[in-house]
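What follows is a single structure, written as structure tokens, with notes after it.
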Amino acid sequence: MQLIMEKIRVRFAPSPTGTLHIGGARTALFNWLFARSQQGTFVLRLEDTDLGRSTSESAQGIVDGLQWLGLDWDEGPDIGGPYGPYRQSERLNIYQEYLQRLLNAGHAYYCFCTADELRRQRESAQDDRDAYRYDGACRHLSADEVANRLAQGQKPTVRFKMPQQGTTVVQDLVRGKVEFQNELFDDFIIAKSDGWPTYNFAVVVDDHSMKISHVIRAEEHLPNTPKQLLIYEALGLTPPQFAHVSMILAPDRSKLSKRHGATSVQEFREQGYLAKALVNYLALLGWSPGDDLSLMDIGEMVRRFDLDHVSKSAAIYDIEKMAWMNGHYLAELSSEEVFSMIESDARTRGWLTNDNHDCFIKIIDLLRSRVRVIQDLLPSAEYFFTAPEHYDEKGVEKYFCKPGCIEKLAAVKSLMDIQPFTAGQIEDVIRSRAEIMKLKAADLIHPTRLALSGRTNTPGLFEIMELLGPEACSARLDQAEAYIKALI
RNA sequence: GGUCCCAUCGUCUAGAGGCCCAGGACGCCGCCCUCUCAAGGCGGAGACAGGGGUUCGACUCCCCUUGGGACUACCA
């Protein structure tokens with residue numbers, strides 16, 4: 001027997017009240033992967049019914065972030081689609097239509113209690129043993145009474161009439177069967193007094209009218225799901241399938257927030273992380289391909305993605321592993337690609353000029369395996385452009401303060417007329433000189449490195465010397481000699 | 001407080017009753033390479049939260065405890 005499956009349609013529905021967090025990015029990624037792996041449709045919907053907090057800048061930031069990650073959508077606010085509009089703020093008439101249906105059928109009612117009254121009730125219930133629930137004061141208002149208050153210009157909210165008994169079962173694709181007692185819920189508000197729907201009502205209307213087949217979203221929405229299910233039922237609609245993915249937590253196991261460092265996609269981007277790395281890392285946070293594979297391009301993820309391997313437990317995000325992955329993807333870029341990513345910064349620093357492009361590429365090749373994020377590359381390249389202003393303290397102690405150091409530096413300096421001045425040549429000459437002096441090559445190399453770069457750890461010394469050129473090398477060796485003499 | 005979810009190395013995870021005295025990855029440690037630091041290669045330490053069941057057999061199933069998390073708004 002073959003089941004006729006409806007076309008898979010999923011959505012990512014952020015509220016544009018902030019940046020695209022990595023948690024949201026991962027939810028978007030899972031939806032996207034699911035859609036792409038099932039030949040389904042991925043829709044982007046903006047949940048901007050909170051008029052006070054939603055901003056267009058935030059919406060733009062989210063859109064930019066998704067695009068940067070490479071998560072493209074088939075329908076959305078910018079490109080439209082058959083089930084639009086895709087911005088909740090443009091769907092008021094649709095919500096009102098469904099709201100009216102609920103009102104007419106007696107599944108919802110007007111509530112004239114003010115926000116103030118409600119807040120007071122909630123506060124005084126704080127010390128009680130049980131949870132606060134709306135007392136249903138307006139549930140039984142007569143039709144006349146309602147008409148009267150409406151005529152007076154009072155602006156009511158609309159509440160959903162919660163069944164007082166029975167249980168609602170959420171059949172979750174990652175969590176299995178989850179049951180809720182209806183009596184524990186109160187008559188929650190589905191439309192605010194300004195006429196706009198609240199989240200629990202708007203999602204139902206939107207997911208249904210956009211023909212969403214699978215709702216893949218964060219676990220924090222699981223307790224909302226029974227309310228939504230009851231709305232579907234009251235409306236006589238078939239609900240979509242649900243899959244609640246676990247949360248991403250900060251290293252201290254608390255909910256991710258600004259104090260945990262970079263948490264938004266934008267910040268990672270600015271810090272020099274690669275989209276490929278972020279996508280790969282996020283995919284593995286809460287999902288596993290089933291075998292030992294961990295580095296995957298997005299195509300591989302699409303091929304392997306399935307909801308069965310989405311984990312139920314919360315994941316703590318580990319910046320170390322993220323950085324390692326970034327280093328891996330950084331290594332895969334061509335030098336020119338790395339170059340283009342740091343080009344403007346390099347010009348600003350005055351290091352990149354119109355005629356040192358090739359030299360710059362060589363510097364990138366020397367440094368790239370030594371940094372994990374692109375933004376660290378330039379700061380570690382300073383000595384290629386300016387003579388050291390100070391020398392590493394431990395290095396000074398270890399090399400400069402040792403007897404014979406001046407002689408060693410002088411010996412290297414005497415070699416600066418090497419022809420051609422290439423890494424290979426320089427290495428040959430310095431090594432043989434060390435032999436003549438009955439020294440290990442390292443005895444010449446270490447003080448020279450410190451003299452030229454001010455540091456004890458750098459890429460290969462001979463490559464650095466080639467790029468610096470004989471004049472700069474000589475000058476820096478002189479500078480170091482003067483420094484050492486001043487020490488004594 | 002109430003409701004719900006979750007629980008394998010420090011972290012991300014594999015594991016769908018015997019294949020597991022538990023596999024991989026990051027990190028950590030050691031070795032190799034080597035002019036240092038990275039990168040790379042090789043090796044090592046490191047976990048089934050606790051207690052009861054069920055079963056010939058439990059990391060896997062059930063219950064309790066403990067611990068974490070989410071929700072409890074005219075936010076989403």
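We name chains A, B, ... by the order of the sequence lines, and we start the count at 1 in each one.
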Could you check which of [options] has an atom nearest any side-chain atom of [X]?
X: A:Arg370; options: B:A38, B:C74, B:G27; answer: B:A38
X: A:Ala315; options: B:A70, B:C5, B:C12; answer: B:C12
X: A:Ser15; options: B:G23, B:C74, B:A76; answer: B:A76
X: A:Glu463; options: B:C37, B:C35, B:G69; answer: B:C35
X: A:Asp318; options: B:C26, B:U36, B:A76; answer: B:C26
X: A:Arg175; options: B:C74, B:C5, B:C35; answer: B:C5
X: A:Asp292; options: B:C4, B:G24, B:U36; answer: B:G24
X: A:Leu249; options: B:U36, B:C5, B:G69; answer: B:G69
X: A:Asn200; options: B:A76, B:C71, B:C4; answer: B:A76
X: A:Trp324; options: B:A76, B:G15, B:G27; answer: B:G27

Protein-nucleotide distance ([X], atom [atom1]; [N], atom [atom2]), rounded to Å:
X: A:Lys321; N: B:C9; atom1: NZ; atom2: P; answer: 14 Å
X: A:Leu452; N: B:U36; atom1: CG; atom2: P; answer: 17 Å
X: A:Phe180; N: B:G2; atom1: CZ; atom2: P; answer: 17 Å
X: A:Lys192; N: B:C75; atom1: NZ; atom2: C1'; answer: 7 Å
X: A:His328; N: B:G27; atom1: NE2; atom2: C1'; answer: 18 Å
X: A:Arg159; N: B:C74; atom1: CZ; atom2: C1'; answer: 8 Å
X: A:Asp116; N: B:A73; atom1: CG; atom2: P; answer: 16 Å
X: A:Leu222; N: B:A70; atom1: CG; atom2: C1'; answer: 9 Å

Distance between [atom1] atoms of [N] and [M] (Å, rounded):
N: B:A45; M: B:G52; atom1: C1'; value: 33 Å
N: B:A22; M: B:G44; atom1: P; value: 13 Å
N: B:G30; M: B:C12; atom1: C1'; value: 24 Å
N: B:A14; M: B:C31; atom1: C1'; value: 28 Å
N: B:A16; M: B:C59; atom1: P; value: 13 Å
N: B:C29; M: B:A70; atom1: P; value: 33 Å
N: B:A58; M: B:C21; atom1: C1'; value: 14 Å
N: B:C9; M: B:G46; atom1: P; value: 14 Å

(request) Flag this pair as yes if the NZ/CZ of A:Lys227 is under 6.0 angstrom from the six-membered ring centre of A:Phe160 and inside a 45 degree cone about the axis; otherwise no. (result) no
Report yes if some heavy atom in the side chain of [X] is under 4.5 Å from a heavy atom in the side chain of [Y]; otherwise report no.
X: A:Val245; Y: A:Arg217; answer: no
X: A:Pro459; Y: A:Ile464; answer: yes
X: A:Leu256; Y: A:Ile248; answer: yes
X: A:Thr458; Y: A:Tyr383; answer: yes

Pick base, sugar-phosphate or nothing for [X], based on heavy-atom distances below 4.0 Å to the nucleic acid.
X: A:Glu179; value: sugar-phosphate
X: A:Glu47; value: sugar-phosphate
X: A:Gly52; value: nothing
X: A:Phe462; value: base
X: A:Ser288; value: sugar-phosphate
X: A:Arg45; value: nothing
X: A:Arg449; value: base
X: A:Gly327; value: nothing
X: A:Thr456; value: base
X: A:Asn224; value: base
X: A:Ser313; value: sugar-phosphate
X: A:His244; value: nothing
X: A:Leu184; value: sugar-phosphate

(request) Heavy atoms only: give me the nearest A:Ile190-A:Ala108 pair and the separation to one decimal. (result) CD1-CB, 4.0 Å
(request) Quick one: closest heavy-atom pair of A:Tyr134 and A:Cys111, and the distance? (result) OH-SG, 3.3 Å
(request) Return yes if some donor-acceptor pair links the side-chain N/O of A:Glu466 with the main-chain N/O of A:Ala423 below 3.5 Å, else return no. (result) yes
(request) Measure from the side-chain N and O atoms of A:Arg175 to the backbone N and O of A:His244, and report whether any donor-acceptor pair falls under 3.5 Å. (result) yes
Can the ring centres of [X] and [Y] be said to be less than 6.0 Å apart?
X: A:Tyr199; Y: A:His221; value: yes
X: A:Phe385; Y: A:Phe360; value: yes
X: A:His208; Y: A:Tyr232; value: no

(message) Partner lookup for B:C4, please. Criteria are Watson-Crick or G-U wobble with both distances under 3.5 angstrom; report none if nothing qualifies.
(response) B:G69
(request) Write down the partner of B:U36 under the Watson-Crick or G-U wobble criteria, each distance required to be under 3.5 Å. (result) none
(request) Pick out which of A:Leu439, A:Val412, A:Leu450, A:Leu461 makes a side-chain contact (heavy atoms from CB on, under 4.5 Å) with A:Ile445. (result) A:Leu461
(request) Report yes if a donor N or O on one partner sits less than 3.5 Å from an acceptor N or O on the other, where the partners are the side chain of A:Ser369 and the base of B:A39; otherwise report no. (result) no
(request) Examine the base of B:C6 for any acceptor or donor lying under 3.5 Å from a partner atom in the side chain of A:Ser246, and report the outcome as yes or no. (result) no
(request) Please list, by residue number, the residues of residues 428-440 of chain A whose heavy atoms come closer than 4.0 Å to an atom of RNA chain B; answer none if no residue qualifies. (result) A:Arg431
Distances for protein N/O vs nucleotides 20-22 of chain B N/O pairs under 3.5 angstrom?
none

(request) Can you label the angle between the A:Phe112 ring and the A:Tyr110 ring as parallel, tilted or perpendicular, going by 30° and 60°? (result) tilted
